[in-house]
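Here is the structure we will look at.
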Amino acid sequence: MLNVVIPIVYGGKRYRKMLNSLSNSKNINVYVGVCSSQLKELGFIEGENIYIIEYQDGSNREEIINALQKYISEGSIIILRKPIKESEFNKFVNMDKDIVTCRKESAGVKAFFDNLWQKILKLCLGVRLYEGDTSVIYFAEDISSVILGSNNLSYNSRVDRWKGIEQGTVVVEGEKVKTDIDTKLNLRNIIISIVSIIIGVVVTTTVCLFANVNIVVGLLLFCLDVICVFVAGILMIMTAFNNTVGKKKFGFAAEVESPQEENYLEDGSIDENEEDEEITEEDLQTDDEELN
């Protein structure tokens with residue numbers, strides 16, 4: 001069984017074509033978490049395998065992903081943070097890999113620094129970034145069973161903590177989905193880093209000016225400076241990492257209605273003359289523009 005998780009907080013109409021292509025598909029369950037204001041824009045989607053769960057307006061995309069986790073019992077998982085074409089979707093689910101993400105182009109100098117950054121994260125924080133962009137990410141059944149044992153599907157789909165798994169990437173049109181940055185955590189890390197450096201400089205300078213510095217005192221000052229620099233460096237790495245993957249902990253979106261046997265629209269209908277729109281690269285790039 002393939003479980004498709006789709007959080008919709010804006011641009012609901014852009015998901016219609018994709019959802020219609022998945023409706024009534026065998027061995028596929030589609031869980032759509034949609035904010036109340038987007039129900040009308042999404043429209044009525046017919047299909048016994050599509051479950052539309054309404055969440056309060058203002059719910060975050062990642063909060064909806066966490067809230068949808070409780071509806072998944074078993075099977076592989078694909079999380080769609082943005083709409084993709086049917087051909088792209090098929091590439092994700094048909095690739096014989098444990099984890100599949102959107103391809104990120106890197107070569108030459110950029111590839112070198114990307115690899116260096118991965119090694120730094122692994123050494124300092126014990127985690128890595130996925131090989132590709134996680135705007136769309138697929139987990140094979142064996143991997144998803146482990147993920148479902150946790151209570152943070154959102155974070156596990158953005159940070160690579162796996163060992164001995166095969167990863168693949170698929171070329172997907174459109175820009176990556178921007179992450180939600182924890183500005184308070186970043187500010188705290190920056191302040192602590194600055195304070196650490198100031199402590200090291202002030203203590204070392206004061207001792208050198210008003211005390212006799214022998215070998216023992218010099219070694220102690222050196223150790224203090226190393227510790228201060230190390231603390232500041234780790235916090236800066238954590239800040240850069242948080243800016244890349246986004247906020248670690250998200251809550252659960254507040255559900256308005258439980259999923260029902262039939263999908264719905266607020267007025268129970270949709271304009272029959274309105275045609276599904278083809279997803280274009282321009283449409284995909286409007287995701288984050290609408291938030292700004």
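Since the structure is predicted, the reported quantities are computational estimates derived from the model, not experimental observations. When a residue number appears, it is its place in the shown sequence, counting from 1.
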Test of understanding: with side-chain contact (heavy atoms from CB on, under 4.5 Å), list the residues that count as partners of [X], not counting sequence neighbours.
X      : value
Asp160 : Arg128, Tyr130, Trp162, Gln167
Val171 : Arg103
Val229 : Ile197

N/O donor-acceptor pair under 3.5 Å between [X] side chain and [Y] backbone:
X      : Y      : answer
Thr101 : Gly132 : yes
Asn24  : Glu48  : yes
Asp98  : Ile165 : no
Ser135 : Val177 : yes
Arg14  : Lys82  : no
Ser144 : Gly75  : yes
Glu88  : Lys85  : yes
Thr239 : Leu235 : yes
Asn49  : Asn29  : no
Glu63  : Phe252 : no

Quick one: closest heavy-atom pair of [X] and [Y], and the distance?
X      : Y      : answer
Glu86  : Ser21  : OE1-CB, 3.8 Å
Met1   : Ile28  : SD-N, 3.6 Å
Ser23  : Gly47  : CB-CA, 4.0 Å
Pro7   : Tyr15  : O-OH, 4.0 Å
Cys35  : Asp57  : CB-OD1, 3.6 Å
Ile237 : Cys124 : CD1-SG, 3.7 Å

Rounded distance (nearest 0.5 Å) linking atom [atom1] of [X] with atom [atom2] of [Y]:
X     : Y      : atom1 : atom2 : value
Ile52 : Gln38  : CD1   : CD    : 12.5 Å
Leu68 : Leu153 : CG    : CG    : 8.5 Å
Ile79 : Tyr31  : CD1   : OH    : 13.5 Å
Asn66 : Ser150 : CG    : OG    : 8.5 Å
Ile77 : Ile72  : CD1   : CD1   : 4.5 Å
Met18 : Ile45  : CE    : CD1   : 9.5 Å

Asn212 CG: over 12 foreign heavy atoms closer than 6.0 Å: no
Greater than 12 external heavy atoms within 6.0 Å of Asn214's CG: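 Yes.
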Close aromatic pair by centroid cut-off 6.0 Å: Tyr138 and Phe92: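 Judged by ring-centre distance (under 6.0 Å), Tyr138 and Phe92 do not meet the cut-off.
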Distance-only polar pair, side chains of Asn60 and Asp180, donor-acceptor under 3.5 Å: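 Indeed, the side chains of Asn60 and Asp180 share at least one donor-acceptor pair under 3.5 Å.
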Test item: side-chain donor near acceptor, Arg81 and Ser157, under 3.5 Å: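 Yes, Ser157 and Arg81 have a side-chain donor paired with an acceptor closer than 3.5 Å.
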Connected-component partners of [X] among ILVMFWY, side-chain separation under 4.5 Å:
X      : result
Leu209 : Phe210
Ile198 : Ile190, Ile194, Val202, Met236
Leu224 : Leu187, Ile191, Val195, Ile199, Val203, Val207, Val213, Val217, Leu221
Ile215 : Leu219

Side chains of [X] and [Y]: closer than 4.5 Å at any heavy-atom pair?
X      : Y      : answer
Lys13  : Leu42  : no
Thr244 : Leu129 : yes
Leu148 : Gln69  : yes

Residue pairs, two or more places apart or on separate chains, that pass salt bridge (Lys or Arg N to Asp or Glu O under 4.0 Å) and touch residues 65-76: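 Non-adjacent pairs meeting salt bridge (Lys or Arg N to Asp or Glu O under 4.0 Å): Lys70-Glu255.
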Pair listing, salt bridge (Lys or Arg N to Asp or Glu O under 4.0 Å) test, anchored in residues 132-159, at least two apart: Glu62-Arg158
By salt bridge (Lys or Arg N to Asp or Glu O under 4.0 Å) - contacts of Lys97 (at least two apart):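 Result, salt bridge (Lys or Arg N to Asp or Glu O under 4.0 Å) vs Lys97: Glu166.
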Residues in side-chain hydrogen bond (donor to acceptor under 3.5 Å, both in side chains) contact with Asn186, at least two apart in sequence or another chain: Asn243
Side chain to side chain donor-acceptor pair (under 3.5 Å): pairs with one or both residues in residues 195-207, sequence neighbours excluded: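 Every side chain to side chain donor-acceptor pair (under 3.5 Å) pair that includes a residue of residues 195-207, provided the two are not neighbours, is Thr204-Asp225.
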Test: Lys247 cationic atom under 6.0 Å from Phe250 six-membered ring centre, within 45° of axis: yes
